[in-house]
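In what follows, chains are A, B, ... by sequence order, proteins preceding strands, each numbered from 1.
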There are 2 protein chains.
Amino acid sequence: MRQFKKQARVILIDDNYDHLAGVRELLSMERSFDVVAATTSANQGINLVKKHKPDVVLMDMNMPEMNGLQAIQEIEELGLDTKILALSAYDDADLIFRAMKLGAKGYVLKTMAAPQLIGAIEEVANGKVYMPPILTARFFDYFQKSFKEEKIAQQKAQDSNYLSDLTPREEEVLDLLTQGITYKGVAQQLFISETTVKTHVNNIFQKLQVSDRTQAVLYAINNGFLNRKKLKKMMNKE
Amino acid sequence: MRQFKKQARVILIDDNYDHLAGVRELLSMERSFDVVAATTSANQGINLVKKHKPDVVLMDMNMPEMNGLQAIQEIEELGLDTKILALSAYDDADLIFRAMKLGAKGYVLKTMAAPQLIGAIEEVANGKVYMPPILTARFFDYFQKSFKEEKIAQQKAQDSNYLSDLTPREEEVLDLLTQGITYKGVAQQLFISETTVKTHVNNIFQKLQVSDRTQAVLYAINNGFLNRKKLKKMMNKE
DNA sequence: ACCGATGTAGACCAAAAGATTAACAAACGG
DNA sequence: CCGTTTGTTAATCTTTTGGTCTACATCGGT
């Protein structure tokens, strides 16, 4: 059955003419591919994609006029089911990460052997994701590092903040403040007098070392007060 | 040289005793591994990790008492350079994603053939990331889907918000408001009178359909006003 | 039984915020 | 050239907010 499958229609975009020609030559010898267009210009490439709606685009990342990431983004925004295989001379983790984030279905290096490249395009044409093991490792290193940093930053914010000084009641009041509710509204929701709300709010200001509600709300947001609330809810559920 | 390398010290944590015993048996035949401990309890496993500080932990994901993700998190928080290889019977994309996010150095399936498993542990012991191609594909699908959804949500927020109705000057004022600055302060920073600031703020309220500064700030934050500012800065730079 | 923390509340005052109306100049678009 | 948008300012007024001080009830721990 499989040998009767339609040829995968491919467009090549690579500002290096020699490499472009080389890949075109290579693919022309494979009967499973039909290179419908090839260009050294990213802008022109995007137009060709619009016109031909190919199955696969082999997209160089390092182009002068337009960055390959932008090109990927624009093609993805067309909403076609064209699969993009990113191509680069370098194994830059950040570039790989961002290309995949934008929806690239794979990432290959120019240094890869021809059979591997063919294989990669085939995989992608068949709707799979292709990533060589070396890049997978790079990707995950970067992926984990970025999450670790995010976590450390959050941790730091949690540790050195005054939110933990608040009493339960004050937390309730702050919660309502972060919803943009006035004294009167808070008083009604908590069934207490407006004066009491004011007292609480004043205490909150002192504890958070701010001088008005807007700053208090900003402080709460910047220091993960909202996240904390969600966590507490989750804890109670489980 | 390589054959003189120290054995990798491994701890196995798997609530299925049969599988645990099987893997232990398998690894005992490999001279490159030294299984220093094995347990069916996640809690006990964590204590064993603290005690032995192994090179690699093979961690089952589906355990009754404690979720494998929590166990990974706790071990990672110890700050050792113990590498965790996650192990599961199922190829659940969300689980894979979260395990890697928490710092797992690889993910293997219980259905994998013995030589593959050996290879995976070796890779991880050598500081590399190991992920079988099938799971790589699953991972990236999930990864891209989650970013796509995020983007769509942002897009939606961008489209149906009133922030784009603001004039440049009003944006400047709102920017300062989101920093918790008073009328007087804004007036000083923009070299205009306090009255003018009030006029701008009033216009902002009407355009954003809110009735006080706190709500305006919350609206701005929830609708990506701060992100937009960053984007504009980036545009100017490049 | 006392003390401290918490939650409640009132009075009073000052400052800031917000609403409304009116006005004028500059820039921009048709 | 004229109308609209934008940015500016003033005067006035009401509402809300924030600060301070005092007071009382409750609860938990020493």
Exercise for the section: Apply the test side-chain hydrogen bond (donor to acceptor under 3.5 Å, both in side chains) to residues T196(B) and T199(B): give CA-CA distance (whole Å), side-chain angles for both, the deciding distance (0.1 Å), then the verdict. Expected result: CA-CA 5 Å; T196(B) 309; T199(B) 309; 5.8 Å; no

Exercise for the section: Check the pair L102(A), L69(A) against side chain to side chain contact (heavy atoms under 4.5 Å, CB included), reporting the backbone distance first and the verdict last. Expected result: CA-CA 8 Å; L102(A) 289 176; L69(A) 291 172; 4.0 Å; yes

Which atoms of nucleotides 24-26 of chain C (N or O only) lie under 3.5 Å from a protein N or O atom, and what are those distances?
none

Using atom names, set out every protein N or O paired with an N or O of nucleotides 6-9 of chain C below 3.5 Å, distance rounded to 0.1 Å.
residue, atom, partner, partner atom, Å
dG7(C), OP1, R169(A), N, 3.1
dG7(C), OP2, T167(A), OG1, 2.3
dT8(C), OP1, R169(A), NE, 3.2
dT8(C), OP1, R169(A), NH2, 2.7
dT8(C), OP2, R169(A), NE, 2.8
dT8(C), OP2, H200(A), NE2, 2.9
dA9(C), OP2, S193(A), N, 2.6
dA9(C), OP2, T196(A), OG1, 2.9
dA9(C), O5', T196(A), OG1, 3.4

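Note that CD of E171(B) and CG of L177(B) are 12.5 Å apart. Values are rounded to the nearest 0.5 Å. If you take OH on Y107(B) and CG on L87(B), they are separated by 8.5 Å, rounding to the nearest 0.5 Å.
A search for side-chain hydrogen bond (donor to acceptor under 3.5 Å, both in side chains) contacts involving T195(B) returns nothing, not counting sequence neighbours. Not a single side-chain hydrogen bond (donor to acceptor under 3.5 Å, both in side chains) links D141(A) to another residue, sequence neighbours left out.
Side-chain atoms of V129(A) and M100(A), non-hydrogen and from C-beta on, do get closer than 4.5 Å to each other. With a 4.5 Å cut-off on side-chain heavy atoms, I204(A) and V173(A) count as touching.
One finds a salt bridge joining K110(B) and D14(B) here, because a Lys/Arg side-chain nitrogen approaches an Asp/Glu carboxylate oxygen to under 4.0 Å. D91(B) and R138(B) are joined by a salt bridge, as a carboxylate oxygen and a charged side-chain nitrogen come within less than 4.0 angstrom of each other.
To the nearest angstrom, P of dG18(C) lies 15 Å from NZ of K184(B). Counting to the nearest Å, the C1' atom of dA16(C) and the CG atom of D212(A) are 9 Å from each other. Rounded to an integer number of Å, the gap from N202(B) CG to dT21(C) P is 11 Å. For I204(B) and dA17(C), the CD1 to C1' distance is 14 Å, given to the nearest whole Å. What separates NZ of K198(B) from P of dT21(C) is a distance of 16 Å, to the nearest Å. At whole-Å resolution of the value, CD in Q215(A) and C1' in dA16(C) are 13 Å apart.
Taking the six-membered ring where tryptophan is involved, the planes of F147(A) and F143(A) are perpendicular, since the angle between them exceeds 60° and thus also 30°.
For the pair R213(B) and Y183(B), the distance from NZ or CZ to the six-membered ring centre is under 6.0 Å and the angle to the ring normal is within 45 degrees.
Between the axis at the start and the axis at the end of the helix from dA1(C)-dT30(D) to dG30(C)-dC1(D) there is an angle of 50°, using five pairs per end and rounding to 10 degrees.
A centroid separation of less than 6.0 Å is found between the aromatic rings of F140(B) and F139(A).
Between chain A and DNA chain D, the heavy-atom contact criterion of under 4.0 Å yields a 5' to 3' nucleotide range of dT16(D) to dT20(D).
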